There are 2 protein chains.
Amino acid sequence: MFTVVIADDHSLLLEGLTQALDGIPDITVVGTAKDGKELLELVAGAKPDVMLVDIEMPRLSGISALARMEDAPPAIVVTMHTSDEQRRKAEAAGAVGFLSKSTPLPDLAAAIRAAARGEDLMDVTNLAAVLDEHRDPVLDAGAASLTGRERELLSLLASGMSRTEDLAETLFISQKTVKNHLASIYEKLAITDRAQAAVEAIRLGLHRGGPD
Amino acid sequence: MFTVVIADDHSLLLEGLTQALDGIPDITVVGTAKDGKELLELVAGAKPDVMLVDIEMPRLSGISALARMEDAPPAIVVTMHTSDEQRRKAEAAGAVGFLSKSTPLPDLAAAIRAAARGEDLMDVTNLAAVLDEHRDPVLDAGAASLTGRERELLSLLASGMSRTEDLAETLFISQKTVKNHLASIYEKLAITDRAQAAVEAIRLGLHRGGPD
DNA sequence: CCCAAAATGGGTCGCCCGCCCTATGGTTGG
DNA sequence: CCAACCATAGGGCGGGCGACCCATTTTGGG
């Protein structure tokens, strides 16, 4: 599980991105800041694995805030205008990554995992290849071993279908097979019933179809 | 339930805001666009209640896209730099609202509800007062009539606590009272068991404490 | 001050759910 | 080629859960 703090003065991006990243099963946002000074306090308190930092912020810019930190977690600068000039400043301030706000969310997630593991995302000529290596969410052992059919079942549970009969008819299998799959799910996720399964399914992002 | 489309060329804002708004029980994002042309196609297809439109976008700006539409849903322009000049252009293009990207998420939600109901958010001197009138999410009759204790129970369910005994001990009441509360919840939300209750609880945003 | 709603608690009953054991055919990778 | 795994399916059993009945006390708004 990777912990992240986000610093950005635009509330909509800040709160939106927080929600989006929290929706990724192996990433948690542990704090947010609206300017550089808040970021300094935040990082001093909760020690996150990675920082996401915007450049333009009131009171103290992201670049300046980074430059003031010692012994700080790896920082990814997320900015709107990706000029070489700003890239150079970000690198000088100690950032390990430099991404546009037009970066797709999965790429950002991969960048967070890469940065948390000590990768340098600045000097890379083929950034895409590095990101691809960290594209898969790091799930706990149980969730990673779920089979296709088990994920389908969880997806249905997450959409509010709970009765064995309905699940069986939807998947065109017998009620007994549904119960067998559920038992496997309970064991893998260390839970005991379909209410907990529904919660886990949503946490794992298995609602809304999922990867089919 | 208010349906919304969002147009913004910054993926992180677009995907983040989508997640955040979908997390609000009475708001659903039915489509997103990365430029003005996509927005035109999108609005022609799915008819949303409200459009959220950024100004600076490739191919076709938000302002230009709005100006080309006829018979379009109310549009709220969401921009980074709130100059009077851009505000004037937005109004001329037919926007009913003009908000900064620094607007807090609850304010944006209130603005969406207000716009969907035909309010004009441009000419208002006391915007805050208008937003306050639309601050409460419009819940379906069932969810709105939930009592405090029932919300507490749902919150626990959403956090993965499903056994009657655990719920009873956590709330310091008898197991029978837990079952009575659950029965009330089932009736109000038109559901039948605690798996569905957990799904609904999360959808209603009752996980993470909720309004205490 | 009163009445309605909320919160608490009890009983019963039948069914479904979770748990344990077994089994078979298909696919795949070592 | 065989072991491992997946998907499929059945039986039995006990207990928890949902449905329907009820009662008492507290709380709060009109």
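Here is the naming used below: chain letters follow the sequence lines, and residue numbers restart at 1 for every chain. Keep in mind that the numbers below use all heavy atoms, side chains included, and drop hydrogens, waters and symmetry copies. Please read all numbers here as calculations on a predicted model, not as lab measurements.
Close to D/dT8, at under 4.0 Å from its OP1 or OP2, lies no side-chain N or O of A/T177. For the pair A/R194 and C/dG18, the criterion of a side-chain N or O lying under 4.0 Å from OP1 or OP2 is met. Not one side-chain nitrogen or oxygen of A/R163 sits closer than 4.0 Å to the OP1 or OP2 atom of C/dC16. Residue B/S174 has a polar side-chain atom (N or O) positioned under 4.0 Å from OP1 or OP2 of C/dG10.
Taking atom CG of residue A/L153 and atom P of nucleotide D/dC6, one finds them 15 Å apart after rounding to whole Å. Across the protein-nucleic acid pair, A/Q175 atom CD and C/dC17 atom P stand 8 Å apart, rounded to whole Å. Protein atom CD1 of B/I173 is 15 Å distant from nucleotide atom P of C/dA6, rounded to whole Å. In this structure, A/E187 atom CD and D/dC5 atom C1' are separated by 14 Å, rounded to whole Å. Between the P atom of C/dT27 and the CZ atom of A/R149 lies a distance of 15 Å, rounded to the nearest Å. Note: CG (A/L182) to P (D/dA9) measures 14 Å, nearest angstrom. To the nearest angstrom, P of C/dA6 lies 11 Å from CZ of B/R151. Regarding A/D166, its CG atom lies at a distance of 12 Å from the P atom of C/dC16, rounded to whole Å.
Between the side chain of A/N180 and the base of D/dA7 there is no donor-acceptor pair of N/O atoms closer than 3.5 Å.
For A/E91 and A/R88, the salt-bridge test fails: no basic side-chain N is under 4.0 Å from an acidic carboxylate O. Checked for salt-bridge contact, A/R113 and A/E119 miss the test: no charged N lies under 4.0 Å from a carboxylate O. B/D9 and A/K101 are not joined by a salt bridge, as no carboxylate oxygen comes within less than 4.0 angstrom of a charged side-chain nitrogen.
Of the two residues contacting DNA chain C, namely B/K176 and B/L146, the nearest-nucleotide position lying further toward the 5' end is that of B/L146. Between A/I191 and B/H181, the residue anchored nearer the 5' end of DNA chain C, judged by the nucleotide with its closest heavy atom, is B/H181. Comparing B/Y186 and A/G148 along DNA chain D, the residue whose closest nucleotide (by nearest heavy atom) sits nearer the 5' end is A/G148.
Residue contacts shown for B/T192 are limited to sugar-phosphate atoms, with no base heavy atom under 4.0 Å away. Among the heavy atoms of the strands lying under 4.0 Å from B/T147 are primed sugar atoms or P, OP1, OP2 only; no base atom is included.
Looking at the side chain of A/D193, the nearest of the listed nucleotides C/dG18, C/dA7, D/dC17 is C/dG18.
For A/N126 (side chain) and A/A128 (main-chain N/O), no donor-acceptor pair under 3.5 Å exists by modelled atom type.
Expressed to the nearest 0.5 Å, how far CG of B/L99 lies from CG of B/D107 amounts to 8.0 Å.
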